[in-house]
2 protein chains.
Amino acid sequence: MNNPIGNLNKVFDSRIRLGVMSILMVNEESSFNDLKQMLELTDGNLASHLNTLEENGYLKVHKGFVGRKTNTTYSITKAGEKAFKGHLAALENMIRSIE
Amino acid sequence: MNNPIGNLNKVFDSRIRLGVMSILMVNEESSFNDLKQMLELTDGNLASHLNTLEENGYLKVHKGFVGRKTNTTYSITKAGEKAFKGHLAALENMIRSIE
DNA sequence: TTAAAGTACTTTGTAAATCAAAGTTACTCT
DNA sequence: AGAGTAACTTTGATTTACAAAGTACTTTAA
């Protein structure tokens with residue numbers, strides 16, 4: 001494949017999904033609200049991107065509590081880690097050809 | 001700005017525009033047909049992305065000839081280089097926080 | 001105890017982006 | 001004349017993105 005963009009993952013074309021993944025790579029898990037604040041998104045927008053990520057098997061969801069309040073946290077699956085690393089490798093590959 | 005995606009450039013959310021820019025960073029200039037083949041795109045699709053890039057002042061167009069045939073080449077402007085480097089820096093920044 | 005607020009969504013509706021395919025203009029080559 | 005090439009533009013369909021509002025439930029404050 002000579003095509004420099006052929007190995008990029010379409011799921012990660014979205015800046016928001018890219019942001020979610022990069023946060024979850026550092027944090028191991030993050031709550032809905034933390035993600036919302038870090039990425040400065042509306043509820044609906046975040047929820048739909050999380051949903052896309054989950055549908056692709058890249059995220060897992062854990063519904064729990066903090067005290068008495070519901071608290072949903074998200075973390076990356078094995079497949080998600082693999083896919084994300086693959087995407088980053090493709091990106092770096094593309095960029096490396098520049099310098 | 002704590003938001004990890006806040007410094008990404010929206011123009012470069014598109015994999016195709018990312019690909020065009022990365023090719024033109026290496027090649028100094030490239031013809032319509034070369035870009036089309038490298039990125040495996042239809043005429044219309046490529047033309048519209050080139051147009052977006054040009055509208056943003058990131059690309060300049062040179063209409064010339066190869067022998068008697070028309071030959072349009074594209075190259076990156078100063079602003080384009082700056083914007084693209086800024087985007088890459090933002091990307092690398094985001095990625096660096098991971099490792 | 002009632003009202004306000006928080007959590008995590010889903011639904012709705014709109015606007016924007018993406019793309020292939022076909023059409024167009026202006027050649028050139030045979 | 002007829003086919004072919006280059007570089008588009010136009011059209012139309014599909015997908016994506018997003019804000020805003022609505023939902024269901026719980027909790028905290030007055």
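Every chain is numbered from 1 and lettered A, B, ... according to where its sequence line falls, protein lines coming before strand lines. None of the values given here were measured: they were computed from a predicted structure.
Within the 4.0 angstrom heavy-atom criterion, no nucleotide atom of any strand lies near L46(A). Among the heavy atoms of the strands, none lies under 4.0 Å from L41(A). R15(B) comes within 4.0 angstrom of no nucleic acid atom, judged by non-hydrogen atoms across all strands.
Whole-Å rounding puts the D43(B) CG to dG23(C) P distance at 15 Å. A straight line from CD of Q37(B) to C1' of dA7(D) spans 14 Å, rounded to a whole angstrom. Taking atom CZ on R17(A) and atom P on dT15(D), their separation rounds to 15 Å, with Å as the unit. The distance between atom CG of L35(B) and atom P of dA7(D), rounded to the nearest whole Å, is 10 Å. Look at CG on D13(B): it is 13 Å from C1' on dA16(C), rounded to the nearest Å. Here the P atom of nucleotide dC19(C) and the NZ atom of K36(B) are 16 Å apart, to the nearest Å. The distance between atom CD of E40(A) and atom P of dA17(D), rounded to the nearest whole Å, is 19 Å.
Residues Y58(A) and N9(A) have side chains that bring a donor and an acceptor to within less than 3.5 angstrom of each other. In this model, no donor atom of one side chain and acceptor atom of the other lie less than 3.5 Å apart for Q37(A) and N33(A).
Comparing Y74(B) and S48(A) by the nucleotide of DNA chain D whose heavy atom lies nearest to each, the residue mapping closer to the 5' end is Y74(B).
When distances are taken from the side chain of N33(A) to each of dT7(C), dC19(C), dA7(D), the shortest belongs to dT7(C). In the set dT10(C), dT18(C), dA17(D), the nucleotide with an atom closest to the side chain of S14(A) is dA17(D).
At a threshold of 4.5 Å between non-hydrogen side-chain atoms, the residues T72(A) and S31(A) do not count as touching. Side-chain atoms of T73(B) and N71(B), non-hydrogen and from C-beta on, do get closer than 4.5 Å to each other.
An OP1 or OP2 oxygen of dC18(D) is reached within less than 4.0 angstrom by a side-chain nitrogen or oxygen of H49(A). Dashed line: the shortest gap from a side-chain N or O of T42(B) to OP1 or OP2 of dC19(C) is not under 4.0 Å. Checking the phosphate oxygens (OP1, OP2) of dA17(D), no side-chain nitrogen or oxygen of N45(A) falls inside 4.0 Å.
Minimum heavy-atom separation, T77(A) to L59(A): CG2-C, 3.7 Å. The minimum heavy-atom distance linking I76(A) with E81(A) is given by the pair CG2-N, 3.3 Å.
Using the six-membered ring where Trp is involved, F12(B) and F84(B) have ring planes that are perpendicular, over 60° apart on the 30 and 60° scheme.
A heavy-atom distance below 4.0 Å to DNA chain C is reached by these residues of residues 50-71 of chain B, ordered by number: R68(B).
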